[in-house]
2 protein chains.
Amino acid sequence: MTAKIESFVMHCGEMGSRWGFNRTVGQMYGLLIINEEALSAVQISEALNISRGNVSMGIKELQSWRLVQVQHKPKDRKEYYSPAGSIWEMATRVFEERRKREVDPTLSLLRDNLLDEPGNQQEQFAQDKMHEIHDLLETITNWASELQNMSPAKLNTLMKLGAGVSKVIDMKDKFLKNG
Amino acid sequence: MTAKIESFVMHCGEMGSRWGFNRTVGQMYGLLIINEEALSAVQISEALNISRGNVSMGIKELQSWRLVQVQHKPKDRKEYYSPAGSIWEMATRVFEERRKREVDPTLSLLRDNLLDEPGNQQEQFAQDKMHEIHDLLETITNWASELQNMSPAKLNTLMKLGAGVSKVIDMKDKFLKNG
DNA sequence: TTAAACTTTCAGAAAATACTGAAACTTCAG
DNA sequence: CTGAAGTTTCAGTATTTTCTGAAAGTTTAA
């Protein structure tokens, strides 16, 4: 591993916990992304200086995020791992999985709590807040899943639009008025 | 604290680490959101059964995320804490702070690494990947900051648009062609 | 000044999390 | 079958993170 590549892999490790997994899992993912060829478990454990068992657990974790693929080489019984999908797909998967872990449980708790009537003034206030939070999270979630269902090409247009988004909305209003 | 309120506060604790801070900080934030009145440090430590020192550290953390405000009551030397801004503002602050912690350092590392020439085929591949990641993160970042700078009203239109976003883009193309 | 009423800090303890390595398991060629 | 070549599991250990509480720091009323 050259210095530049190593710096990237180690950085992925440091960021790992912020991105939702732990240091080694982050390093493993970085390593797989940056390597043209798929790597075996032993290669990973040697490159990162971690135990074989840890690699196994890390791969399992990455699979639960749908971020790695298993491959086989002819005449070789080992499993070889490589990142699943394009960079763009990886990003959407991380978003999606994080939503499942960070937002969905909260939405469900809020819904439950909003089912029964508030018992007193304090609970009334609490429920109002929960309602606000619920609606906001739901809007964001719906919006995000809209984006994920758009074709990548359209999505790209939309993203590149940047400051233009605002203009397009104005345009829509005009368009609807004049049409 | 009634059962419902407590379940919300405890849930915020469990989610805390996923949202970027730790359990107690999550609980503290939940408690402040759900309470109509601002709370003193001692009230927080009693409600959550944590030490006074821990409350002090937690408040500091929440302040670094710009999520709490300090208030004073007349004839009272204590500090009282309450959430800063509306639910919507809280959400954008969490986004923004997470971007600073999760994305910005990566962008800066990638930029550094992309400055020098690749030394060999392996590094060439690595740099290509880093370039892809860099561009994607940059696009997402710019897009996100666009959204944050839009007026809440416009943003709401855009959000409510949902599936319609796609249609508006088509419309824009038509509009530009015909106009 | 002084001292009461607070807040912050931080060393050490406690709790949570991650890692190792050996044993158990699986798969498959012969 | 058998055993070689691989993968997974998990009890125990190491590391990291969080929490406590006492000491130090700050502010203000008198």
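Atom set for the values below is all heavy atoms of this structure, side chains included, hydrogens, waters and symmetry mates excluded. Naming convention: chains lettered A, B, ... in sequence-line order (proteins, then strands); numbering from 1 in each chain. Note that the structure is predicted; figures quoted are calculated from it, not measured.
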> Measuring from the side chain of A:Arg52 (C-beta onward, heavy atoms only), which nucleotide among D:dT8, C:dT7, C:dC19 has the closest atom?
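Given the options D:dT8, C:dT7, C:dC19, the side chain of A:Arg52 is closest to D:dT8.
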> Drop me the distance from A:Ile33's CD1 to B:Ile133's CD1, to the nearest 0.5 angstrom.
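CD1 of B:Ile133 is found 5.0 Å from CD1 of A:Ile33.
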> Any chance the side chains of B:Thr141 and B:Glu138 put a donor and an acceptor closer than 3.5 Å?
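No.
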> For B:Asp76 and D:dT27, what is the distance between atoms CG and C1' respectively, to the nearest whole Å?
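So the CG-C1' distance, B:Asp76 to D:dT27, works out to 14 Å.
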> Does a nitrogen or oxygen in the side chain of A:Lys60 sit under 4.0 Å from OP1 or OP2 of D:dT7?
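No, no such contact exists.
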> Could you see if A:Met57 belongs to whatever hydrophobic cluster contains A:Ile50? Use Ile, Leu, Val, Met, Phe, Trp, Tyr and a side-chain cutoff under 4.5 Å.
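In one cluster: no.
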> Using heavy atoms and a sub-4.0 Å distance, could you list which residues of residues 19-38 of chain A are near DNA chain C? By number, please.
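Only A:Asn22, A:Thr24 qualify.
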> Output the rounded distance in Å from CG (A:Asn49) to P (D:dT15).
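It is 14 Å, rounded to the nearest whole Å.
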> Salt-bridged, A:Arg66 to A:Glu61, with N to O below 4.0 Å?
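No, no charged N to carboxylate O under 4.0 Å.
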> Distance check needed: D:dT28 C1' versus B:Lys73 NZ, whole Å only.
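It works out to 20 Å between those atoms.
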> Given the rule that I, L, V, M, F, W and Y join up when any side-chain heavy atoms are under 4.5 Å apart, are A:Met10 and B:Met130 in one cluster?
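Shared cluster, yes.
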> Please list, pair by pair, any protein nitrogen or oxygen found under 3.5 Å from a nitrogen or oxygen in nucleotides 23-30 of chain C.
residue	atom	partner	partner atom	Å
C:dT27	O2	A:Arg77	NH2	2.7

> Is B:Glu97 salt-bridged to B:Arg101, cutoff N-O under 4.0 Å?
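Result for this pair is yes, salt bridge flagged.
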> Linking I/L/V/M/F/W/Y whenever any side-chain heavy atoms sit under 4.5 Å apart, do A:Leu62 and A:Trp88 land together?
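Linked within one cluster.
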> Could you tell me the separation between the CE atom of B:Met57 and the C1' atom of C:dG12, rounded to a whole number of Å?
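Nearest whole value for this atom pair: 13 Å.
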> Using the rule given for side chain to side chain donor-acceptor pair (under 3.5 Å), can you reason through A:Asn113 versus B:Ser7, listing the C-alpha separation, both sets of side-chain angles and the distance that settles it, and then say yes or no?
CA-CA 9 Å; A:Asn113 270 348; B:Ser7 83; 3.2 Å; yes
> Heavy atoms from C-beta onward define the side chain here; which of C:dT7, C:dT8, D:dT20 lies closest to that of B:Lys78?
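Out of C:dT7, C:dT8, D:dT20, the nucleotide with an atom closest to B:Lys78's side chain is C:dT7.
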> Rounded to whole angstrom units, what separation is found between the CG atom of A:Asn54 and the P atom of D:dT13?
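Roughly 18 Å, once rounded to whole Å.
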> Look at the side chain of B:Ser51 and decide which nucleotide, out of D:dT8, D:dG21, C:dT8, has an atom nearest to it.
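It is D:dG21.
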